[in-house]
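To start, the structure under review is shown below, and the notes come after it.
What's counted below: heavy atoms across the whole structure, side chains too, no hydrogens, waters or symmetry copies.
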Amino acid sequence: MLEVCAVCGDEVVEPAPIGIGSMLFHAGCLPRCRFCDRPYNLDEAGWDFRGGVAWSDQWGYVPRLHAAACPACTDDAERRDYGAGW
């Protein structure tokens with residue numbers, strides 16, 4: 001199975017790629033909070049990841065990260081934009 005980074009769209013060839021749900025990432029492509037720009041710390045609870053599938057001319061349909069929010073900003077965003085899907 002082809003493994004493609006959900007941020008940069010390049011193939012992930014590391015022996016133990018970083019995975020969040022169905023998305024994989026290079027170590028240098030870890031998601032950042034869309035509100036405060038804080039980087040994701042591996043295995044930190046409370047992050048909200050939003051993603052989907054995108055077309056790649058090179059790989060076909062691949063998982064793609066749309067946005068991530070850290071625990072503090074997730075709580076703030078849900079109170080501020082409840083139902084808006086930030």
Side-chain angles (χ1 to χ4, degrees):
M1 180 176 172
L2 179 66
E3 296 178 335
V4 177
C5 178
V7 173
C8 73
D10 289 334
E11 187 174 11
V12 177
V13 295
E14 287 90 355
I18 299 163
I20 302 168
S22 63
M23 296 180 280
L24 295 176
F25 305 95
H26 296 109
C29 292
L30 286 177
R32 300 182 76 82
C33 177
R34 74 173 287 179
F35 299 106
C36 70
D37 203 37
R38 186 175 122 197
Y40 171 67
N41 292 318
L42 296 179
D43 300 323
E44 182 181 10
W47 278 74
D48 186 353
F49 297 96
R50 310 274 172 114
V53 178
W55 175 257
S56 163
D57 288 338
Q58 186 174 9
W59 312 113
Y61 286 103
V62 294
R64 197 73 174 158
L65 177 72
H66 294 298
C70 71
C73 291
T74 296
D75 290 343
D76 291 344
E78 286 179 358
R79 283 193 296 270
R80 182 181 62 241
D81 298 328
Y82 183 77
W86 53 261

Cluster check L65, L30: I/L/V/M/F/W/Y, side chain < 4.5 angstrom: yes

Once side-chain contact (heavy atoms from CB on, under 4.5 Å) is applied, do any residues pair with P39, and if so which ones, sequence neighbours excluded? R32

Could you list the donor-acceptor pairs under 3.5 angstrom formed by side chains in residues 4-20, with sequence neighbours left out?
none

For C70 and C36, the nearest pair of non-hydrogen atoms, with its separation, is SG-SG, 3.8 Å

Hey, any chance V53 and W55 share a hydrophobic cluster, counting ILVMFWY side chains that come within less than 4.5 Å of each other, even indirectly? yes

Less than 4.5 Å apart, side chain to side chain, heavy atoms only: is that true for P31 and F25? yes

Side chains of residues 40-47: which donor-acceptor pairs under 3.5 Å do they make with residues two or more places apart or in other chains?
residue: Y40; atom: OH; partner: D43; partner atom: N; Å: 3.2
residue: E44; atom: OE1; partner: R38; partner atom: NH2; Å: 2.8
residue: E44; atom: OE1; partner: W47; partner atom: NE1; Å: 2.8
residue: E44; atom: OE2; partner: R38; partner atom: NH2; Å: 2.2

Please report the shortest heavy-atom distance between A67 and R34, naming the atom on each side. CB-CD, 3.8 Å

